[in-house]
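Each chain gets a letter, A, B and so on, in the order the sequences are listed, and its residues count up from 1.
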Protein chains: 2
Amino acid sequence: MITIKELAKELSVSISTVSKALNDNPEISEDTVKRVKELARLRNYKPNKTAVNLKNSSTKTIGVIIPDILNPFFAKVLLGIESQANSKGYNIITCVSQETEAKEKENLQLLADGTVDGFILAVAEETQINKTTQHFTDIINDGFPIVMFDRVSDAIDCDKVIIDDFDASYQATKLLIDEGRTHIVLLNYINELSVGQLRIQGYLKALEDSAKVLEPHLITIDKSESLDDSIKAMFSNDPKIDGIVAIDNTSGIASLNIAKSLDIKVPVKLSIIGFSSDELLPFSYPKLSTVSQNATEIGKVSVDLLVARLRDTSLEKRIETVAFDISERDTTK
Amino acid sequence: MITIKELAKELSVSISTVSKALNDNPEISEDTVKRVKELARLRNYKPNKTAVNLKNSSTKTIGVIIPDILNPFFAKVLLGIESQANSKGYNIITCVSQETEAKEKENLQLLADGTVDGFILAVAEETQINKTTQHFTDIINDGFPIVMFDRVSDAIDCDKVIIDDFDASYQATKLLIDEGRTHIVLLNYINELSVGQLRIQGYLKALEDSAKVLEPHLITIDKSESLDDSIKAMFSNDPKIDGIVAIDNTSGIASLNIAKSLDIKVPVKLSIIGFSSDELLPFSYPKLSTVSQNATEIGKVSVDLLVARLRDTSLEKRIETVAFDISERDTTK
DNA sequence: CTGTTAGCGCTTTCAC
DNA sequence: GTGAAAGCGCTAACAG
């Protein structure tokens, strides 16, 4: 990589003249600016980013910590973050916590050495279970702003981006009710996570608001149990089930596959609607109804919040709610 | 963030003494070292990474450019890269080319300003179609080593990591032959990509090596056509098909779903084997046979190659071949 | 208009 | 044992 110094030497001018010329400083004569820029282009000169960063004491990079990159929802948020960050002149450094508190902590501390200006993250499952917050407050006290998305920690005072889980679940349930379903169960394979509770409330409220009297039916499957076996048991215990609201991103698809294997006609006899990134849809047949989480939008909003805070530390902390859509479904009554 | 300067002032010693003490320089008295380290810990001092980088003219970060982060294969490679990079003391900056040449080029140029020490990437589909290579050679000439994985460019002289496509396809086809299948078609939805050709050769060779005389049957579906419609047409044109080797990561699953919708019994009447990251498996029922691409291993090997080259530029260029496994399958003759 | 100088935070000779 | 000073590549205040 060629430096300003070498350009200066080659042109027999001073270093600062070159620097100013490259930055279109009006102090420099048009002719010099032209000569400098020409040589710079010729030599493929690029200002050394590290030096500029040191000078500005900013890195123009964002640390992103996601729990699981193989989860299409997080992958899609990452995509949204990456694209928005780039368009705002930021790079992102990606770390994966693997849902563990230890890796989450390690990643935060490693990057909080001037490698990044701030963080965007979704709290790891283990951290949520343990209700640990110390590592977050440490980082914030060190002067690094954090934006949490989707999996947020209520105890931390920082910017947050969430989807309106209550409303999303309410809408999903209402869709099944309006279809005429009368035995709608809620399937829960993520009991430990904060979002689960709101989705349950939305489901309950929708049943409550229904014109017909509908009994709530909550089925929670522990991570230690076999998802497939539990779903099979559910179908055999209660053959009247004609609607499923799956509030995580795997049990909906699992239900669909198992229903098919048991010869339960979907969507004629049974309707399934699941929370998920819509990237999963093409792999089920017929298409599974899905509550899209507008994952890229979450990423975009997260970047906007972080960049705003980087500009002005004194802003009020904000919690942004991202809308969701219910995508079209291949279903008949 | 606290600096060495502040520590020095507080201890009334010089900046260089503090620096040496922190780095366990034997010149410094034990007592001073202890005092310095104590205060550093107390103040939560961390050496400013940007300053260190400038001093060392290295960034200890790797630029990773992947074509599509929603593709589980690439997501998994990314995971492998991230984990291996971290354990070798490197961070990664992730960019997504979205399969376009323009974004690929832009990402390369943006990071080749001292932001990263080198690159790991899979060539974007568009770049492969156009057979463009200029942007790669430019970067390499600028002194940034590149490691290409999976989608590599033959025209570029750099380190590469690939899976043994020929052999993988050969093995997959042989599996179907050994099962007793006699009308095995090869399904190709990625005709433009370099890996496709080797997989076709492997398929052909396996048929050739078979004890029985088996006719090759290549079906190429253009990206502009409807995958679903083309597969339906295939089944109706040729009802004798009893085996499918799908050489991309979607047509296998699509075939499976369509076969089921047409009431073709899988795996009794039809066997399907597909190339894919094994992350897709759980979404099909019964499980689709798959050639796992050992994606995390690819990521790991890529990092090892890049780090080795960063240490020693003069090494011979290497092409590493990563082994593959055929995962167990739910099939009966 | 152009050049000299200081400084971002750190490491590393070289003096004392 | 400790400190002063130079330099990584760049910007910007200040002189000329």
Side-chain angles (χ1 to χ4, degrees), chain A residues 1-37 39-40 43-61 89 111-117 142-144 310, chain B residues 1-37 39-40 43-61 89 110-117 142-144:
Chain A
M1 287 206 23
I2 192 165
T3 69
I4 277 193
K5 204 186 200 171
E6 304 173 60
L7 295 181
K9 197 161 149 202
E10 196 160 343
L11 291 167
S12 309
V13 295
S14 80
I15 288 178
S16 56
T17 303
V18 174
S19 172
K20 285 172 187 166
L22 289 171
N23 291 309
D24 285 312
N25 187 318
E27 280 179 2
I28 307 297
S29 76
E30 228 171 274
D31 180 60
T32 311
V33 169
K34 210 180 131 210
R35 291 201 312 135
V36 168
K37 286 198 170 174
L39 185 67
R43 292 271 175 280
N44 192 24
Y45 166 82
K46 284 182 214 135
N48 182 305
K49 198 59 175 299
T50 308
V52 174
N53 287 344
L54 181 60
K55 188 78 193 155
N56 302 341
S57 47
S58 101
T59 63
K60 285 283 189 175
T61 94
L111 297 182
D113 61 355
T115 302
V116 303
D117 294 342
D142 257 11
F144 296 91
L310 254 13
Chain B
M1 290 208 18
I2 193 167
T3 70
I4 276 194
K5 202 187 199 172
E6 303 172 63
L7 295 180
K9 196 161 151 199
E10 196 161 343
L11 292 167
S12 309
V13 294
S14 78
I15 288 179
S16 53
T17 302
V18 174
S19 172
K20 286 172 186 166
L22 289 171
N23 292 309
D24 285 313
N25 186 318
E27 278 180 4
I28 306 298
S29 76
E30 227 172 274
D31 180 59
T32 310
V33 171
K34 209 180 132 210
R35 291 200 313 135
V36 168
K37 286 198 168 174
L39 186 67
R43 292 271 177 281
N44 192 25
Y45 167 80
K46 285 182 215 137
N48 183 305
K49 198 60 174 300
T50 308
V52 174
N53 288 345
L54 181 59
K55 190 76 194 154
N56 302 340
S57 48
S58 102
T59 64
K60 285 283 189 177
T61 94
L110 246 38
L111 297 182
D113 62 356
T115 301
V116 302
D117 294 343
D142 257 11
F144 296 91

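In terms of phosphate contacts, Asn23(A) brings a side-chain nitrogen or oxygen within less than 4.0 Å of OP1 or OP2 of dT11(D). Within the structure, every side-chain polar atom (N or O) of Tyr45(B) is placed at least 4.0 Å from both OP1 and OP2 of dG9(C). Contact annotation: Thr50(A) does not reach the phosphate of dC10(D) (side-chain N/O to OP1 or OP2, under 4.0 Å). Of the side-chain N and O atoms in Thr32(B), one or more sit less than 4.0 angstrom from OP1 or OP2 of dT2(D). Checking the phosphate oxygens (OP1, OP2) of dG3(C), a side-chain nitrogen or oxygen of Ser14(A) falls inside 4.0 Å. Taking side-chain N and O atoms only, Asn48(A) has no distance below 4.0 Å to OP1 or OP2 of dC8(D). Listed pair Lys5(B) / dC8(C) meets the phosphate criterion, a side-chain N or O lying under 4.0 Å from OP1 or OP2. Of the side-chain N and O atoms in Thr17(B), one or more sit less than 4.0 angstrom from OP1 or OP2 of dG3(D). Contact check, Ser19(A) against dT11(D): a side-chain N or O comes under 4.0 Å of OP1 or OP2.
A donor and an acceptor atom sit less than 3.5 Å apart, one in the side chain of Ser16(A) and one in the base of dT4(C).
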Quiz item: Step by step, would you call Glu10(A) with Arg43(A) a salt bridge (charged side-chain N to carboxylate O under 4.0 Å, His left out)?
Solution: CA-CA 11 Å; Glu10(A) 196 160 343; Arg43(A) 292 271 175 280; 2.5 Å; yes
Exercise. Could you walk me through whether Thr17(B) and Thr32(B) pass the side-chain contact (heavy atoms from CB on, under 4.5 Å) test, one step at a time?
Key: CA-CA 9 Å; Thr17(B) 302; Thr32(B) 310; 3.9 Å; yes
Quiz item: Given Ser19(B) and Leu22(B), is the side-chain contact (heavy atoms from CB on, under 4.5 Å) satisfied, shown in steps?
Solution: CA-CA 5 Å; Ser19(B) 172; Leu22(B) 289 171; 5.9 Å; no
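When rounded to the nearest whole Å, the span between CG of Asn53(A) and C1' of dG9(D) equals 12 Å. Here the C1' atom of nucleotide dG9(D) and the NZ atom of Lys46(A) are 16 Å apart, to the nearest Å. Leu7(A) has its CG atom 12 Å from the P atom of dT11(D), to the nearest Å. Glu30(A) has its CD atom 17 Å from the C1' atom of dT2(C), to the nearest Å. We find that CG of Asn25(B) is positioned 11 Å from P of dG1(D), with the value rounded to whole Å. Rounded to a whole Å, the CG atom of Asp113(B) is 11 Å from the P atom of dC10(D). One atom, CG of Leu22(B), and another, C1' of dT12(C), lie 15 Å apart when rounded to the nearest Å. The CD1-P distance, from Ile2(B) to dG9(C), rounds to 12 Å in whole Å.
Asp117(A) and Thr59(A) form a side-chain donor-acceptor contact under 3.5 Å, judged by distance and modelled atom types alone.
For the pair Glu27(A) and Glu27(B), both in contact range of DNA chain C, the more 5′-proximal nearest nucleotide belongs to Glu27(A). Residue order along DNA chain D, read from the 5' end via each residue's closest nucleotide, puts Lys55(B) first among Pro47(A) and Lys55(B). Both Val13(B) and Ala51(A) lie close to DNA chain D; mapped to their nearest nucleotides by heavy-atom distance, the more 5′-ward contact belongs to Val13(B).
Under the 3.5 Å distance criterion, the side-chain polar atoms of Lys46(A) are left unmatched by any main-chain donor or acceptor of Met1(A). Without hydrogens or angle criteria, Asp142(B) side chain to Phe144(B) main chain gives no donor-acceptor distance under 3.5 Å.
The side chain of Ile4(A) lies closest to dT11(D) when the candidates are dA5(D), dT2(D), dT11(D).
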